[in-house]
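Every chain is numbered from 1 and lettered A, B, ... according to where its sequence line falls, protein lines coming before strand lines.
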Amino acid sequence: MAEILRVIATFVEKGLVYVSKKPVFWSSGAQTALAEAEVEYQERDDQAVFVKFPIATGQLAGKASIAIWTTTPWTLPANLVIAVDAKEIYVVQEFRREGVSEVLVLADKLVDAFSLATGFQPTGEPMQTFPGTKLEGFGAQHPLLPRTSMILTAEFVTMDTGTGAVHVAPGHGEDDYALGSKNGFPIFSPVDDHGRYTEEVGIPELVGKYVFDANRDIVRMLRDREVLLGEQNFHHSYPYCWRSKTPIIFRAVDQFFIRIDDLRAAALDAITKVDWIPLWGENRIAGTVESRPDWVISRQRSWGVPLPVFYSGSGEPILNANWIRRLADLVAVRGSNVWFELSDSELARELGLPPGTTKGSDTIDVWIDSGVSHRAVCARRPELHDPAEMYLEATDQHRGWFQSSLMTSVALNNRAPYKTCVTHGFVVDLDGKKISKSSTYDKPVEASHFVSKHGADLVRLWASSINYTDDVPFSEEMFTRLGDTYRRMRNTLRILHGNLFDLLVSDVADVGSRSTTAATTLIDRWIVDRLDGVIGECRAAYESFEFHKVYHTINQFCAVDLSSLYIDITKDRMYCDAPNSPRRRATQLAMHRIYDALCRLLAPVLAFTSEEAWRYLGGNASVHLQLFPEVRASQRDTYVNTAVDRLLKLRAVIGQALEKARQQKLIGNSLEARVILRCERKLIDGISRDELEEFFIVGELVLEEANEPSAVVERTSFAKCARCWRHRETVGKSRTHPDLCDRCEDVVQARLSST
RNA sequence: GGGCCUGUAGCUCAGUUGGUUAGAGCAUGCGCUUGAUAAGCGCAGGGUCACUGGUUCGAGCCCAGUCAGGCACACCA
């Protein structure tokens with residue numbers, strides 16, 4: 001709270017804050033301004049009137065009157081302007097009713113409607129016809145007061161109702177205000193808190209009268225002065241105060257503003273120095289900053305941080321940076337309630353202000369509260385810093401928090417409060433409909449619901465899997481699918497871990513000193529190279545906040561490279577080679593490296609699963625305290641990549657042949673197959689037959705030269721090794737172990753003799 | 001009603017500077033395996049790249065328009 005006040009003090013010091021009148025929704029029943037959400041609409045009958053303003057200056061002076069229409073006659077005393085559409089056609093037309101003749105200016109399109117409503121019949125052809133721009137700058141005599149209203153063109157003029165000439169009272173309407181202030185008109189609003197005319201209204205008999213009661217008087221006055229062209233009952237929906245149920249009025253009251261014009265250029269410059277994710281965020285916020293008007297920081301509310309404005313004995317608002325800082329110090333000690341608890345005189349005494357100084361009753365716009373969090377939180381806490389690394393919010397906050405923070409930060413520090421700004425879309429249902437807490441959407445929307453149902457890891461996995469920069473699709477089905485992905489990842493970690501059970505810590509430690517590439521086989525070199533690719537992609541994706549790329553990369557790696565290829569292929573050596581065989585150890589080392597890397601890469605997503613897996617590696621510290629793995633190879637192993645790519649193409653050819661053989665019930669398991677592979681020799685150059693048989697997971701491979709790769713599958717004639725289930729030529733050759741192949745016999749023999 | 005963004009298989013996503021027959025995982029179907037088993041492996045089907053037009057030898061990619069959806073606005077005197 002104190003910090004917010006100090007920020008305001010700085011704004012005041014820099015001359016950014018000023019006071020001006022602005023119309024607000026005002027409840028005369030509750031004597032307070034209302035927010036948009038506090039206004040409710042009710043059906044209501046009003047007396048709409050057509051009124052003429054005799055043209056007093058300009059080409060038509062003294063020859064015609066401009067006709068306006070309004071449903072709120074009580075705002076006429078505040079009329080300063082009449083608005084017309086620049087492009088619409090207006091006519092100067094003589095009308096007659098019961099012997100009375102009037103020459104009026106109004107929109108061509110609305111002549112008929114005007115006749116119908118007032119009984120004035122057009123006489124002859126229009127005397128003149130021109131677009132609205134021609135009227136611009138003309139003066140028109142106010143029907144009740146000795147002053148001239150000016151005719152201006154405006155965007156908001158419509159041809160639905162009225163005359164095409166719109167009565168504008170800058171103190172009594174949003175559009176009126178915008179048009180009036182743009183053209184330098186005073187924001188005239190001669191109405192008090194209770195909705196009664198003040199002295200300013202300039203018509204003595206109206207002073208003190210409730211405006212809705214005054215409608216009748218005004219209509220009578222208009223009639224007396226013969227400026228009333230017609231009246232009609234008008235049924236429409238009108239805003240009411242939700243609490244006092246009284247009709248609201250638009251009424252201009254003193255508001256405090258921040259001059260955005262003084263900050264705009266610096267803000268636009270600061271925007272270019274921020275890393276916007278996605279990129280179009282920059283475009284979006286630049287657009288909102290360019291177009292935003294001055295910031296109204298005062299609110300007529302009874303709760304919130306008090307706006308530190310004082311009033312002199314004569315009622316002049318005082319903005320004084322030193323006073324505000326003194327107040328901030330007091331608030332820091334006694335809390336912001338001192339503002340409300342202390343009387344004017346007590347507060348003045350505490351702060352050392354001149355006697356007779358009073359405090360204002362406005363509060364500060366809550367966007368200031370959140371908008372200065374970079375100062376009040378980031379800059380003050382030792383573990384944080386300002387500017388922040390990153391702000392994250394939904395796209396609606398380009399106009400909200402992102403902008404309010406930016407503006408206050410530019411005012412204070414002349415830079416953005418964030419280095420990176422990430423935005424996400426809104427969650428939508430399968431049919432693209434928005435899911436929100438406030439709408440009638442009846443399915444669960446709380447994250448906690450899905451955490452308790454599916455687990456936090458799955459919720460995080462979901463969040464990581466979608467591209468959040470767009471609309472975020474959501475459905476129960478997605479969670480079911482995600483469960484499969486999750487189990488795939490978890491199972492992959494599990495089998496890797498299972499295969500590492502007899503790997504010694506010393507073996508792992510040894511890796512660094514050895515040339516592992518030379519010691520590993522083709523498939524190991526390939527998977528380690530693939531891992532490097534995965535690490536590189538994931539690091540880049542994390543770096544740029546593209547978490548769904550991490551998800552897909554790891555998912556693909558687990559499902560294809562590891563599960564269906566590497567682990568499947570190396571199963572034989574893992575289960576059946578001698579425990580210490582170089583081939584088996586090489587694979588274990590690769591698996592160890594993969595397991596370690598996967599734990600680290602998955603840690604931000606599968607927070608619990610990765611930690612659980614990580615603990616099995618035997619370290620003490622949590623995986624969440626580890627760094628991401630480094631890409632080991634300075635350059636990719638192009639030899640193994642090309643070699644394995646070729647093998648994978650051949651594997652597809654063999655796979656189709658195996659499938660055909662299976663359907664013919666020739667074989668079941670592919671280890672029962674004798675595959676004759678025909679292809680160009682160079683595709684498998686330098687790779688031993690043993691290695692090929694292992695790679696393709698087939699019983700027996702016969703190679704023949706051919707241009708186009710093809711494969712034929714027969715049932716092998718070799719017997720099945722009881723230990724490794726492969727069908728090998730050597731099974732049955734041994735006298736001691738007739739049911740084993742040569743490899744398995746060696747392994748078994750070695751184990752027997754070692755015990 | 002103007003501004004910004006999005007649209008590729010049932011779902012989630014790739015698709016490089018415009019360049020062969022648009023890819024992957026999951027899901028689905030059919031098999032295999034039973035030493036990852038509340039697992040694993042294989043094969044297959046599935047697409048008018050929202051739509052229409054244009055530029056080009058060639059467009060998922062570039063351009064224009066349309067449709068659908070999202071966001072922040074505006075309008076409603």
Next item on the list: Round to the nearest Å and state the distance from Phe557(A) atom CZ to rA14(B) atom C1'.
Entry: 18 Å

Next item on the list: Tell which nucleotide pairs with rC30(B), taking only Watson-Crick or G-U wobble pairs whose two distances are both under 3.5 angstrom.
Entry: rG42(B)

Next item on the list: Figure out the CG/P separation between Asp471(A) and rC4(B), and round it to whole Å.
Entry: 17 Å

Next item on the list: Let me know the distance between OH of Tyr575(A) and P of rC41(B), rounded to the nearest Å.
Entry: 12 Å

Next item on the list: Give none if rC67(B) has no partner; otherwise give the nucleotide forming a Watson-Crick or G-U wobble pair with it, both distances under 3.5 Å.
Entry: rG7(B)

Next item on the list: Taking only the side-chain nitrogens and oxygens of Gln556(A), find out if one of them lies under 4.0 Å from OP1 or OP2 of rC26(B).
Entry: no

Check: Heavy atoms under 4.0 Å, any strand shown: does Arg481(A) hit a base, just sugar-phosphate, or nothing?
Finding: base

Margin query: Please classify the nucleic acid contact of Ser465(A) as base, sugar-phosphate, or nothing, using heavy-atom distances under 4.0 Å.
Written below: sugar-phosphate

Next item on the list: Write down the distance between CD (Glu672(A)) and C1' (rU34(B)), rounded to a whole number of angstrom.
Entry: 13 Å

Notebook entry, point to check: Is the phosphate of rU33(B), meaning OP1 or OP2, less than 4.0 Å from a side-chain N or O of Ser670(A)?
Noted result: no

Next item on the list: Would you kindly check whether a donor in the side chain of Arg488(A) faces an acceptor in the base of rC26(B), or vice versa, at under 3.5 angstrom?
Entry: no

Check: If you look at every strand shown and take non-hydrogen atoms under 4.0 Å, does Thr469(A) touch a base, only sugar-phosphate, or nothing?
Finding: nothing

Note to self: I want to verify a distance call: between rG31(B), rC73(B), rU12(B), whose nearest atom is closest to the Arg399(A) side chain?
What the structure shows: rC73(B)

Checklist line | Plane angle bin for Phe474(A) and Phe479(A) - parallel if under 30°, tilted between 30 and 60°, otherwise perpendicular | finding: perpendicular

Margin query: Taking side chain to side chain contact (heavy atoms under 4.5 Å, CB included) as the criterion, tell me which of Asp457(A), Leu493(A), Leu461(A), Val550(A) meets it with Leu602(A).
Written below: Leu493(A)

Next item on the list: State, without any angle test, whether Asp502(A) and Gln588(A) hold a side-chain donor-acceptor pair at a distance under 3.5 Å.
Entry: yes

Note to self: Looking at Thr75(A) and rA77(B), is any side-chain donor or acceptor paired with a base atom of the opposite kind under 3.5 Å?
What the structure shows: no

Item checked: Residue Trp725(A), side-chain atoms from C-beta onward, closest of rG35(B), rC4(B), rU6(B) -> rG35(B)

Next item on the list: Measure the CD-CD distance between Glu672(A) and Glu700(A) for me, rounded to the nearest 0.5 Å.
Entry: 13.0 Å

Next item on the list: Report the base-pairing partner of rG2(B) (Watson-Crick or G-U wobble, both distances below 3.5 angstrom), or none.
Entry: none

Item checked: Candidates rC11(B), rG70(B), rG42(B) - which lies nearest the side chain of Arg651(A) -> rG42(B)

Next item on the list: For Val166(A) and for Gly668(A), find the nucleotide of RNA chain B with the closest heavy atom, then tell me which residue's nucleotide is more 5'.
Entry: Gly668(A)

Notebook entry, point to check: To the nearest Å, how far apart are Gln397(A) CD and rC4(B) P?
Noted result: 21 Å

Item checked: N/O (side chain, Arg494(A)) to phosphate O (OP1/OP2, rU37(B)) under 4.0 Å -> yes

Check: How would you label the contact of Val560(A) with the nucleic acid (heavy atoms, under 4.0 Å): base, sugar-phosphate, or nothing?
Finding: sugar-phosphate

Next item on the list: Could you please name the option among rA14(B), rU6(B), rA77(B) that lies closest to any side-chain atom of Asp470(A)?
Entry: rU6(B)

Item checked: Strand partner of rA74(B), provided both Watson-Crick or wobble distances fall under 3.5 Å -> none

Next item on the list: Could you check whether Arg662(A) gets within reach of a base, just the sugar-phosphate, or nothing at all, counting any heavy atom under 4.0 Å?
Entry: sugar-phosphate

Notebook entry, point to check: Distance from Gln47(A) atom CD to Asn215(A) atom CG, nearest 0.5 Å?
Noted result: 7.5 Å

Margin query: Does rA14(B) have OP1 or OP2 under 4.0 Å away from a side-chain N or O of His548(A)?
Written below: yes

Check: How long is the gap from OG on Ser564(A) to CD1 on Ile569(A), to the nearest 0.5 Å?
Finding: 8.0 Å

Check: Ile248(A) has an atom CD1; how far is it from atom C1' of rC76(B), in whole Å?
Finding: 13 Å

Margin query: Could you tell me how far apart Ile667(A) (CD1) and rC43(B) (P) are, to the nearest whole angstrom?
Written below: 12 Å

Next item on the list: Please work out if Lys571(A) contacts a base, only the sugar-phosphate, or nothing of the nucleic acid, heavy-atom cut-off 4.0 Å.
Entry: base

Item checked: Atom-to-atom span, CD1 of Ile495(A) to P of rC41(B) - whole angstrom -> 11 Å

Margin query: Using the side-chain heavy atoms of Asn467(A), tell me which of these nucleotides is nearest: rG35(B), rU12(B), rA14(B).
Written below: rA14(B)

Next item on the list: Name the nucleic acid region contacted by Asn283(A), choosing base, sugar-phosphate or nothing; use a 4.0 angstrom heavy-atom cut-off, strictly under.
Entry: sugar-phosphate

Next item on the list: Mind checking the NZ-CE spacing from Lys571(A) to Met574(A)? Nearest 0.5 Å is all I need.
Entry: 12.0 Å

Next item on the list: Under a 3.5 Å limit for both distances, which nucleotide forms a Watson-Crick or G-U wobble pair with rG35(B), could you say?
Entry: none

